[in-house]
Amino acid sequence: MHIDLDIKLDFKDVLIRPKRSALPSRLEVDITREFSFKHSGNRYHGVPVIAANMDTVGTFEMARALRPFGMSAALHKHYDGEQLVAFFKALKPKSNAFYSLGITKGDLDKFDRVIKQAGNAIRYVCIDVANGYSETFVEFVARFRRAYPKLTLMAGNVVTGEMTEELILSGVDIVKVGIGPGSVCTTRTMTGVGYPQLSAVIECADAAHGLGGRICADGGCTSPGDVAKAFGGGADFVMLGGMLAGHDECAGEIVDRDGGRYKRFYGMSSRAAMEKYVGSVAHYRAAEGKEVLVPYRGPVDKAVQEILGGLRSACTYVGARTLRELTKRTTFVRVGMESNELFGEN
């Protein structure tokens with residue numbers, strides 16, 4: 001047993017300190033990024049915000065809606081092969097959508113079939129497991145990289161520097177960071193395992209950048225300000241689930257309840273997800289997610305504009321002309337209260 005007494009921080013524990021700025025307007029801020037990935041060698045240009053690969057958020061419709069903004073979506077892994085082939089063939093290599101898979105033989109067999117038919121229309125892949133610390137996961141990642149050297153590979157989830165380094169050395173281009181911070185994730189309360197997300201981002205970004213890799217902050221963002229904090233902490237990409245939930249582009253029917261309109265949103269390790277895809281929660285495990293009703297929010301465009309507008313504003317407050325400069329100009333201030341909650345949320 002060991003106790004780490006160093007303070008670890010979540011997004012709510014800090015604010016970004018403003019600095020002198022010569023920017024005359026938010027319009028002057030460029031929130032796109034350009035990367036050349038370590039292993040695939042592929043180049044990326046876009047707004048590095050990704051819809052999470054949850055079946056209610058990582059949909060074909062969401063990917064199409066985010067594309068005009070330069071953003072991406074990680075598709076959920078429960079589409080059948082024919083649907084995925086049709087989607088990627090229609091978008092061709094212009095798409096920044098990620099094909100998502102787990103590490104079972106069935107996942108890999110389906111991917112092999114899809115890529116044979118979709119060809120170079122698939123450029124980005126996300127290998128996603130809850131526990132990125134297992135040897136089985138690392139071995140799978142290494143085999144996948146050997147089999148597909150030209151694909152840009154995102155994989156996770158982990159929260160510490162040493163595991164970030166191991167994944168990059170095993171062939172990962174973008175390490176997905178986050179255990180337990182998601183709005184419908186209950187891993188921390190069910191298992192006692194996790195890591196405050198801002199500190200995880202800072203630690204993993206430092207480890208990844210030292211090896212020429214990238215990270216994606218996955219989970220914990222509840223507002224545009226949190227997205228800015230993630231980028232300020234060193235994230236190269238930020239993945240959003242709950243902030244994009246409840247929109248027309250999300251899967252599921254609208255639910256009328258007590259005079260309000262809602263859409264269902266649940267974690268991919270929740271009882272709802274496991275009953276939907278495998279019939280039940282296995283006898284040897286417990287659900288590590290919850291199901292909630294999110295107020296129906298219409299088309300996703302308005303939410304995207306708020307997120308990107310908040311990010312541009314954050315850059316102007318610290319004088320960052322580009323998103324790349326934001327982390328260099330970020331100083332975090334510890335706070336006891338992040339915001340005034342007198343009137344609650346809008």
Side-chain angles (χ1 to χ4, degrees), residues 8-14 48-58 62 66 71-77 98 100 102 126-133 137 154-161 163-164 167 172 174-205 208 214-247 250 265-270 272-273 287-292 294 303-304 307 310-311 338:
K8 303 291 188 278
L9 303 171
D10 268 315
F11 295 130
K12 67 180 177 58
D13 298 319
V14 301
V49 178
I50 306 172
N53 55 324
M54 309 168 78
D55 71 349
T56 48
V57 176
M62 184 66 73
L66 296 182
M71 297 163 59
S72 310
L75 303 173
H76 69 76
K77 65 180 183 179
F98 286 75
S100 298
C126 174
I127 301 177
D128 184 50
V129 298
N131 178 10
Y133 287 79
F137 171 65
M154 176 164 67
N157 283 25
V158 301
V159 290
T160 52
M163 205 64 198
T164 297
L167 288 176
V172 175
I174 310 164
V175 176
K176 198 145 73 80
V177 174
I179 292 180
S183 58
V184 285
C185 179
T186 60
T187 295
R188 292 179 180 179
T189 54
M190 288 300 297
T191 70
V193 176
Y195 208 95
Q197 184 69 344
L198 177 60
S199 288
V201 166
I202 293 170
E203 180 175 330
C204 294
R214 303 291 173 183
I215 71 157
C216 176
D218 176 19
C221 290
T222 63
S223 65
D226 289 343
V227 177
K229 292 173 188 177
F231 282 121
D236 303 291
F237 295 85
V238 175
M239 182 171 277
L240 302 178
M243 287 183 66
L244 298 176
H247 292 97
C250 298
F265 178 55
Y266 49 82
M268 295 310 293
S269 291
S270 66
E288 294 179 25
K290 57 188 174 182
E291 179 181 8
V292 298
V294 178
V304 170
I307 293 166
L311 187 55
E338 181 185 23

What is the minimum heavy-atom distance between [X] and [Y], and which atoms define it?
| X | Y | answer |
| --- | --- | --- |
| Thr164 | Val158 | OG1-CG2, 3.8 Å |
| Gly220 | Phe11 | O-CD1, 3.4 Å |
| Cys216 | Met154 | CB-SD, 3.8 Å |
| Met62 | Val57 | CB-O, 3.2 Å |
| Val201 | Ala217 | CG2-CB, 3.6 Å |

Rounded to the nearest 0.5 Å, how far apart are [atom1] of [X] and [atom2] of [Y]?
| X | Y | atom1 | atom2 | answer |
| --- | --- | --- | --- | --- |
| Asp218 | Cys185 | CG | SG | 9.5 Å |
| Asp55 | His76 | CG | NE2 | 5.5 Å |
| Asn131 | Thr191 | CG | OG1 | 9.5 Å |

Results of side chain to side chain contact (heavy atoms under 4.5 Å, CB included) for [X] - residues two or more places apart only:
| X | result |
| --- | --- |
| Leu9 | Ile7, Asp13, Val14, Leu198, Ser199, Arg334 |
| Pro181 | Arg188, Gln197 |
| Ala228 | Ile16, Leu311, Ala314 |

Student check: side-chain heavy atoms of [X] and [Y] closer than 4.5 Å:
| X | Y | result |
| --- | --- | --- |
| Thr160 | Glu203 | yes |
| Ile179 | Tyr195 | no |
| Asp128 | Ser100 | no |
| Lys176 | Asn53 | yes |

| task | Would you please name every residue forming a ring pair (Phe, Tyr, Trp, His ring centres under 6.0 Å) with Phe137, sequence neighbours left out? | result | none
| query | Applying side-chain hydrogen bond (donor to acceptor under 3.5 Å, both in side chains), which residue pairs with at least one partner in residues 220-231 are found, sequence neighbours left out? | reply | Thr222-Asp226, Lys229-Glu338
Anything under 3.5 Å between a donor and an acceptor, one on a side chain of residues 232-246, the other on a protein residue two or more places apart or in another chain? List them.
{"unit_1": "Asp236", "atom_1": "OD1", "unit_2": "His209", "atom_2": "NE2", "d": "3.2"}
{"unit_1": "Asp236", "atom_1": "OD1", "unit_2": "Arg214", "atom_2": "NH1", "d": "3.3"}
{"unit_1": "Asp236", "atom_1": "OD2", "unit_2": "His209", "atom_2": "NE2", "d": "2.9"}
{"unit_1": "Asp236", "atom_1": "OD2", "unit_2": "Ile215", "atom_2": "N", "d": "2.8"}

| task | Would you check if the side chain of Tyr133 reaches a backbone N or O of Val159 as a donor-acceptor pair within less than 3.5 Å? | result | yes
| message | For Val175 and Cys204: C-alpha separation, side-chain torsions, deciding distance, then whether side-chain contact (heavy atoms from CB on, under 4.5 Å) applies. | response | CA-CA 8 Å; Val175 176; Cys204 294; 5.8 Å; no
